[in-house]
Amino acid sequence: MPSKYKTINGVKCEADLLVLGEKLTHDDELSIEGARSIWEEALDGNKITDAERNAIQHIMKNSSHGLTNEAKAFFRYWLNEDTVSNLRGAGCVTIDGVHCDEAMVKVADHFQGRKRGPLGIRAAEAIWFSALDGRGVTHREKATIELILHKYNFDGPAKGFLESKRFWLTTAADALAAGEVCDDEAAPAAPAPDAIILRRADAIGLELSLLTPPNSPSADREVANAAPSCSTEDQSASSRSLIHMVPLFAPGTSVCLHGLAADSLNHLSGTCEEFDDSKKRWMVRLSTGEVKAVRPHNLLGPGSHVRLHSLADGAFNDLQGTCEGFDDVKQRWAVRLGSGEVKAFKPENVKVEVRAEKRPGEESAEPPAKRNCNRPKIQLAKLRDIFDRCDINQDGRVNKREMIKACRGDEEIARFFEVPTTIRQEDGSRSKLEEIFQEIDQDGDREIRWIELLAYYRHRVVDF
C-alpha cells in the first residue's frame, strides 16, 4: 500500500491533499471553491493534522498558477483559527422545538458574540465545516442549518453559501424519502435524526459543483424546466413561457455587467443581492456602492454560458463554453470550452448565451436525457446502483473512462444512458456519451459525483 504521506524538503505532507491541490491548480489559479474543497478534505473531526497543514502550505507556496485573493484569505484565516475547531457539544440540543446539533449552534453563537451586525462568510463556512465532522451530513445537521438560517442574521455571501447547502441537503433528503416509498405508496417512516443524507465525500463534492442555487427564481425555473409536468393539470401561462437563463446565480455571487446599451456601465463589477421577480431583474450592488436592476443575460459570472466572437484567431469564433472565473490582473475571463480546454479571453470577446426553454409547440432546448418526461421513472436505489457500478475504482467519482468501460461491459447501464455497448467514434456513439457526460458534470472537473448524477436525473426519480 502506498504511503499516505510525502516528504518534501524534510517536511511530511498529506499525499492525497497534494494530489488534489495539483489537480485543482493544473490549468488555473486555485479558486475559493477549490480552497474550500481542499480544506474540507483535510478536516477530520473539525481539525487538521500537521501533515495536512504542511500540504496546504505547500500548495499555497508552490501552485503553478497561484491562488485567487479569496483563496489566499480563506487559507490565511483558517490556518490561524484554533477556537472553532475546539467547540464541542454533547450531541443534541432543542431550540424552538427543533432538535439541533449542539456543536453547530455553539459555532454560530461564537461568531455572533464576536461582532455586531450580520455574520459573514467565515461564520457560514465554520457552521458547514462543523456539519462535516462525521461520516456524512445527517437529518439533524440539516435541521440545524435551517434553524440557524432562520434565527441568525447573515450577509449576502454567507447566506447564499448556507442556502445552497440547505437546498441540496433538502434535495437529497427528498430523493431518499421518495426512494423509500413502498409499492403500495404508503408514506415512509420519519427518518432517524442521525441518518445520513449525504455521505461526507458527496457533501464535500457540493463545493465544486455549480448546481442550481436555492430560493432563487432561476432555481425555480430550472426545476420547472428540467422536469416539465407530466400530469393533466394545466400550467399557468407564465410557467409555460419561462426562459431558462444561464447562469443560475445565487445572492452573493460576484458578477460583471455586460452587453448594456449604457457602455459606461459595461465591465463594472458588483454583487447580486436579490432577484426582483416582478421586474425579472437582479438587484446588483456595484463596487461604487450604487444598486442597479440588471437583466440576467447582462450579467457575467462563474457558470455563465458564453459564445466567443470577434477574435483575431478565427478558429475560436462561435465556440461556446462556461466562464470559470475572472483574472483581475490579466483582465481576462477563464472559459472552459466544450473540448475541456480552458482559455483566457477579454470581456469584449465573450457574449452571454440565453437558452430558451420549451414553449407550447416548440422543440425543447434541453438535452434529450433531461427533456423527455415520458421516460421510465427510476427508484433512487437503482440510480445509486448505476452510479456505484460506473464508479469502478470506488473513489466516489466517475471519470469518462470509467463511464465508457461501464457502458461497454453492462447492457443495463448503456441502455440507461441511451448509448450502445459498442461505443465508437465512427458512428457518433462516443460523441453522444461525451455530451451526456459533460451535461451531468456540472462543475466541469471531468468527473461525476453522486450529487451531480442525482441533480441531473432527479426528474426521473420516483415521486421526486
Side-chain angles (χ1 to χ4, degrees), residues 168 171-172 174-185 188 196-199 201-202 205 208-209 211 222-223 225-230 338-340 358 363-464:
W168 282 103
T171 296
D174 289 348
L176 285 169
E180 292 168 358
V181 173
C182 302
D183 292 336
D184 60 1
E185 298 187 354
I196 291 175
I197 299 173
L198 280 179
R199 294 187 306 177
D202 293 324
L208 294 174
S209 296
L211 302 173
E222 198 279 337
V223 172
N225 294 328
S229 174
C230 297
S339 63
K358 185 177 179 181
E363 180 67 8
S364 170
E366 283 294 297
K370 277 183 128 176
R371 69 176 180 234
N372 190 345
C373 65
N374 293 320
R375 278 178 168 79
K377 291 287 187 178
I378 184 171
Q379 293 283 343
L380 178 71
K382 173 55 70 174
L383 185 64
R384 181 75 209 200
D385 177 61
I386 288 173
F387 177 83
D388 289 338
R389 284 151 65 187
C390 290
D391 182 17
I392 295 172
N393 65 1
Q394 296 297 296
D395 66 348
R397 305 174 180 90
V398 176
N399 59 40
K400 196 177 297 181
R401 182 176 298 178
E402 287 178 306
M403 189 169 175
I404 292 173
K405 188 173 181 180
C407 289
R408 283 174 172 167
D410 193 317
E411 185 176 349
E412 183 183 23
I413 292 177
R415 189 165 56 249
F416 176 78
F417 290 114
E418 301 180 25
V419 295
T421 53
T422 53
I423 299 172
R424 296 177 296 187
Q425 190 70 47
E426 296 78 13
D427 61 5
S429 57
R430 184 182 178 95
S431 296
K432 181 178 181 181
L433 184 138
E434 288 181 351
E435 180 182 353
I436 294 171
F437 186 95
Q438 290 172 13
E439 287 289 342
I440 300 172
D441 178 25
Q442 297 190 37
D443 63 356
D445 69 347
R446 304 176 196 178
E447 293 181 323
I448 294 172
R449 297 172 183 265
W450 161 238
I451 193 67
E452 291 177 306
L453 190 73
L454 173 59
Y456 189 80
Y457 285 106
R458 65 183 181 272
H459 64 290
R460 286 181 58 183
V461 175
V462 174
D463 294 331
F464 181 48

So, [X] side chain and [Y] main chain: donor-acceptor pair closer than 3.5 Å or not?
{"X": "Lys405", "Y": "Ile392", "answer": "no"}
{"X": "Glu411", "Y": "Thr421", "answer": "no"}
{"X": "Glu418", "Y": "Arg415", "answer": "no"}
{"X": "Arg424", "Y": "Arg430", "answer": "no"}

Is the shortest side-chain heavy-atom distance between [X] and [Y] below 4.5 Å?
{"X": "Cys390", "Y": "Phe416", "value": "no"}
{"X": "Ile413", "Y": "Arg389", "value": "yes"}
{"X": "Ile440", "Y": "Phe417", "value": "yes"}
{"X": "Gln438", "Y": "Lys400", "value": "yes"}

Can you tell me how far [atom2] of [Y] sits from [atom1] of [X], rounded to the nearest 0.5 angstrom?
{"X": "Ile436", "Y": "Cys407", "atom1": "CD1", "atom2": "SG", "value": "8.0 Å"}
{"X": "Gln394", "Y": "Glu402", "atom1": "CD", "atom2": "CD", "value": "8.5 Å"}
{"X": "Ile423", "Y": "Leu433", "atom1": "CD1", "atom2": "CG", "value": "4.5 Å"}
{"X": "Phe437", "Y": "Ile404", "atom1": "CZ", "atom2": "CD1", "value": "9.0 Å"}
{"X": "Asn393", "Y": "Asn399", "atom1": "CG", "atom2": "CG", "value": "7.0 Å"}

- Would you confirm whether the ring centroid of Tyr457 sits within less than 6.0 angstrom of the ring centroid of Phe387?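 Ring-ring flag for Phe387/Tyr457: false, centres at least 6.0 Å apart.
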- Flag this pair as yes if the NZ/CZ of Arg384 is under 6.0 angstrom from the six-membered ring centre of Trp450 and inside a 45 degree cone about the axis; otherwise no. yes
- Task: In plain terms, say whether Arg397 and Asp391 are close enough for a salt bridge, that is, a side-chain N and a carboxylate O under 4.0 Å apart.
- Result: no
- Does the pair Glu412/Lys382 count as a salt bridge with the N-to-O cut at 4.0 Å? yes
